[in-house]
Amino acid sequence: MLEEVEHWLTRRSWSVADRPLDRLMVAKAARGTTVSVVLPALNEEETVGEIVSVIRRELMERVRLVDELVVVDSGSTDRTAAVAAAAGARVEHRDAILPRLPALPGKGEVLWRSLLVTSGDIVCFVDADLRRFSADFVSGIVGPLLTDQDMQFVKAMYDRPLHRPATERGPGQSGQSGRGVQGGRVTELVARPLLNLHWPRLAGFVQPLGGEYAARRSLLERLPFPVGYGVELGLLVDALHMAGLDALGQVDVGVRIHRHQDERALGRMAAAIYRTAQLRLSRAHLVRPELTQFERGENGFVPRTHAVDTEERPPVREIAEYTAGRAA
């Protein structure tokens, strides 16, 4: 590990306990900073309501740390939108945001569009599939941005249990969720090697692909957003180049429990992440932006080819509707 990164780890890695809520409220009031929380959601009716309820109760009613709580529904076919609204979130539908620009599928697309329907000086992203959710996920990563004006981008770090809770197992299933590791399979097999080899200054991030992170709007509006699975790696790499390592940090928020994806979905994720890295390394196009995987059929293995996410949205400050809205 680079000496610079070792030094960074001692200065820019914290625990959620390092910044109690009362300290955050004093810092927030002193600077008049506003905070928006965004949950990108696709068919998350089982978990989104509890996450929204915890944030509202702990961070909007008991204290006023969060000013705006928005769930952006990216085309759910279940009751995600209704559950989120009933729990107290404002629900925005992806396709209704910037309708002149047809929406593309992918998480990054939803995060990018969320900037047009939120107003906070700090924007905090939280995945909508978390179980046993704690408000620490929000207060922890927002904290350094409130107390330190030099901080621009903060990611959560946490343990990821290798065993699923009994309530998430089907009949006859054990608690083992595959041969994953605590950083996640795609993190350990794809993202971490890429970062260590090509962006070694980012080697200190425990969860580089984690979906819980907060950043200043002034930074986010200058960054391009990969529309799909590559968004977390893309934002992290671009934030490093835009703001510098010392403006990035991470906070230990405990344990993260969420839905595990199957190996084929992870393969598509890995391909998109590799493509995002490759684009940033060369700014060239992939020769063949597709991934072929195999499934066993009645007569043997059947190939299934999927397109790899190759689209990116430009920095949102280049969008006329965004700049007009901010000026209003």
Side-chain angles (χ1 to χ4, degrees), residues 36-55 68-99 101-118 123-133 137-138 156 160 164 168 177 184-186 207 209-213 225-235 256-273 275-276 291 293 304 306-313 316:
S36 298
V37 175
V38 172
L39 277 67
L42 176 63
N43 294 329
E44 303 293 358
E45 67 175 357
E46 293 184 5
T47 51
V48 69
E50 176 64 16
I51 298 171
V52 169
S53 295
V54 170
I55 295 172
E68 187 176 40
L69 176 55
V70 179
V71 170
V72 182
D73 188 342
S74 59
S76 297
T77 56
D78 65 2
R79 298 181 61 253
T80 291
V83 170
R90 171 160 58 89
V91 177
E92 300 280 353
H93 294 273
R94 178 198 61 192
D95 296 347
I97 303 171
L98 198 62
L101 196 64
L104 296 169
K107 178 183 178 182
E109 177 82 353
V110 176
L111 300 184
W112 182 75
R113 288 178 185 259
S114 76
L115 297 179
L116 285 95
V117 292
T118 55
V123 182
C124 174
F125 298 122
V126 176
D127 281 349
D129 66 342
L130 303 188
R131 299 182 183 275
R132 303 180 189 176
F133 179 77
F137 274 81
V138 173
R160 299 179 73 217
R164 287 179 293 180
E168 296 183 45
S177 58
R185 287 166 286 179
V186 176
Q207 297 289 354
L209 299 185
E212 290 69 47
Y213 47 100
F225 277 61
V227 301
Y229 286 129
V231 63
E232 270 81 33
L233 184 131
L235 290 179
R256 185 186 198 268
I257 299 173
H258 68 116
R259 184 183 64 249
H260 295 283
Q261 300 198 55
D262 64 33
E263 281 73 12
R264 284 187 290 273
L266 294 177
R268 296 190 290 275
M269 181 185 297
I273 289 166
R275 174 263 164 194
T276 300
L291 173 72
Q293 298 174 312
R304 305 292 187 198
H306 305 270
V308 174
D309 297 322
T310 57
E311 296 290 338
E312 294 197 4
R313 292 304 191 186
V316 73

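Computed from heavy atoms alone, side chains included, the values below leave out hydrogens, waters and symmetry copies.
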Less than 4.5 Å apart, side chain to side chain, heavy atoms only: is that true for [X] and [Y]?
X	Y	answer
E232	L111	yes
T47	L130	no
E44	V71	no
V138	F133	yes
Y213	L235	yes
L98	W112	yes
L69	L39	yes

For the atom pair [atom1] ([X]) and [atom2] ([Y]), what is the distance rounded to the nearest 0.5 Å?
X	Y	atom1	atom2	result
L209	Y229	CG	OH	12.0 Å
R94	E109	CZ	CD	7.0 Å
E312	T276	CD	OG1	6.0 Å
L115	F225	CG	CZ	5.0 Å
D127	F137	CG	CZ	10.0 Å

Of all heavy-atom pairs between [X] and [Y], which one has the smallest distance, and what is that distance?
X	Y	answer
V38	S114	CG1-CB, 3.7 Å
D73	G75	OD1-N, 3.1 Å
S74	V110	CB-CG2, 3.3 Å
E45	T80	N-OG1, 3.2 Å
H93	A81	CE1-CB, 3.9 Å
S76	A41	OG-O, 3.8 Å

| field | side chain to side chain contact (heavy atoms under 4.5 Å, CB included) between E92 and I97, worked out | value | CA-CA 8 Å; E92 300 280 353; I97 303 171; 4.1 Å; yes
| Looking at V227, L101, D95, which one forms a side chain to side chain contact (heavy atoms under 4.5 Å, CB included) with R113? |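 Among V227, L101, D95, the one meeting side chain to side chain contact (heavy atoms under 4.5 Å, CB included) with R113 is L101.
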| task | Run the numbers on R256 and Q207 for side chain to side chain contact (heavy atoms under 4.5 Å, CB included), then give the verdict. | result | CA-CA 11 Å; R256 185 186 198 268; Q207 297 289 354; over 6 Å; no
| task | Could you tell me whether R131 and E46 make a salt bridge, using a distance below 4.0 angstrom between a side-chain N and a carboxylate O? | result |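 Between E46 and R131 there is a salt bridge, with a charged N closer than 4.0 Å to a carboxylate O.
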